[in-house]
Amino acid sequence: MKVLERRKDYICVEIYRTLFSIYGKVKCPLFYRTPFQLLISVILSAQCTDERVNKTVSGLFAKYPDSMALSEADVNEIEKIIKPIGLYKIKAKNIINAAKKLNEEFGGEIPETIEKLTELPGVGRKTANVIISHLFDGYGFAVDTHVNRVLNRIGIVNTHNPYKIEMLIMKLMSHESLGNFSLLLIMHGRNTCLARTPKCPDCAINNLCRKRL
DNA sequence: ATCCCGAGGG
DNA sequence: CCCTCTGGAT
């Protein structure tokens with residue numbers, strides 16, 4: 001391994017240690033009772049706060065708790081329910097079609113690989129990694145807007161391409177910690193390394209950061 | 001005016 | 001690489 005990558009490896013582990021000492025094992029911020037409900041919640045979470053997703057899906061799951069019920073739902077009805085989440089027309093269509101595809105092609109079960117998960121409408125690589133890491137103890141590293149921003153600010157990565165970021169972190173970190181590392185970076189991004197005005201003086205890892213204020 | 005656990009299309 | 005889809009909070 002190159003010298004440069006070894007330094008990033010070391011910094012990554014230090015970041016993980018420090019954030020873990022603050023947040024520990026982070027539980028899933030999204031509400032769900034079943035794997036199907038996790039799938040739907042993660043699809044709906046695009047460009048929306050998880051808090052708002054949680055408020056909205058409680059009503060959605062009360063009427064449509066599983067893939068059979070949702071697959072037979074009326075699009076307009078779903079649009080009304082999930083409207084506060086935003087991007088509601090695409091998402092309404094996507095979750096209904098995802099439910100149909102689950103029933104027709106996957107036997108009603110949530111697939112366990114990124115390749116199969118991304119065949120579902122509305123499921124991209126980030127969503128698939130979240131599902132994998134939560135449901136199957138998989139090694140997915142989900143790169144969302146927080147992970148992207150924090151890693152670029154620190155200087156671990158120098159690209160905003162989520163796939164490239166995922167591949168680099170996969171090389172640097174032990175795979176069993178990838179899921180929690182993603183969640184730790186999200187917590188840090190939400191609480192301290194804010195998008196608009198980061199709280200650098202209060203940041204626990206500002207000694208490891210290239211762009212600390 | 002900017003951001004939120006993005007995806008899909010051009 | 002770019003753009004659009006979208007409402008709610010700050």
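Just so it is clear, the model here is predicted, and its values are computed rather than measured. Chain naming here is simple, since letters A, B, ... match the order of the sequence lines and numbering starts at 1 in each.
A salt bridge between K101(A) and E104(A) is absent, with no side-chain N of the basic residue lying under 4.0 Å from a carboxylate O of the acidic one.
Across the interface with DNA chain C, nearest-nucleotide mapping of K164(A) and G86(A) shows K164(A) to be the residue nearer the 5′ end. With the nearest nucleotide of DNA chain B identified for both E51(A) and P121(A), E51(A) has the one nearer the 5' end. Heavy-atom distances to DNA chain B give each of A195(A) and G124(A) a nearest nucleotide, and the one nearer the 5′ end belongs to A195(A).
Distance CD (Q47(A)) to C1' (dT2(B)): 11 Å, rounded to an integer number of Å. At whole-Å resolution of the value, CD1 in I95(A) and P in dA7(B) are 15 Å apart. Atoms CD1 (I43(A)) and C1' (dT6(C)) sit 17 Å apart, rounded to a whole Å. Straight-line distance from the CG atom of L117(A) to the C1' atom of dG6(B): 15 Å, rounded to whole Å. Straight-line distance from the CD1 atom of I82(A) to the C1' atom of dG8(C): 15 Å, rounded to whole Å. One interatomic measurement links the two molecules: CD1 of I131(A) to P of dA7(B), which rounds to 10 Å at whole-angstrom precision. We find that NZ of K27(A) is positioned 15 Å from P of dC5(B), with the value rounded to whole Å. Protein atom NZ of K80(A) is 15 Å distant from nucleotide atom P of dG7(C), rounded to whole Å.
For R196(A), no side-chain nitrogen or oxygen approaches OP1 or OP2 of dT10(C) to under 4.0 Å. Under 4.0 angstrom from either OP1 or OP2 of dG6(B) there lies no side-chain N or O belonging to T127(A). Within the 4.0 Å cut-off from OP1 or OP2 of dC4(B), not a single side-chain nitrogen or oxygen of S45(A) is found.
For the residue pair S67(A)/N103(A), the side-chain donor-acceptor check at 3.5 Å is satisfied. With no hydrogens or angles considered, a side-chain donor-acceptor pair links Y23(A) and N191(A) at under 3.5 Å. S174(A) and S177(A) share a donor-acceptor pair across their side chains, judged by distance under 3.5 Å alone.
One P atom belongs to dT4(C), the other to dC5(B), and the distance between them is 23 Å to the nearest Å. Only the P atoms considered, dG8(C) is 22 Å distant from dA7(B), to the nearest whole Å. Rounded to whole Å, the P atom of dG9(B) lies 14 Å from the corresponding atom of dT6(C). The P atoms of dC3(B) and dC3(C) are separated by 15 Å, rounded to the nearest whole Å.
Looking only at side-chain heavy atoms (C-beta outward), I11(A) and L172(A) stay at 4.5 Å or farther from each other. A 4.5 Å side-chain heavy-atom check between F20(A) and L184(A) finds at least one atom pair inside the cut-off.
Heavy atoms of A142(A) sit nowhere under 4.0 angstrom from any nucleic acid atom. At the heavy-atom level, V123(A) lies under 4.0 Å from the strands shown only through sugar-phosphate atoms. Residue contacts for L194(A): at a heavy-atom cut-off of 4.0 Å it reaches no nucleic acid atom on any strand shown.
Counting distance only, with no hydrogens placed and no angle test, the side-chain atoms of K89(A) and the base atoms of dC5(C) include no donor-acceptor pair under 3.5 Å.
Closest contact between the side chain of R52(A) and the listed nucleotides dC5(B), dC4(B), dG8(C) involves dG8(C). Ranking dG7(C), dC5(C), dC4(B) by closeness to the L87(A) side chain, first place goes to dC5(C). Comparing dC4(B), dC5(B), dG8(C) by their nearest atom to the side chain of T145(A) picks out dC4(B).
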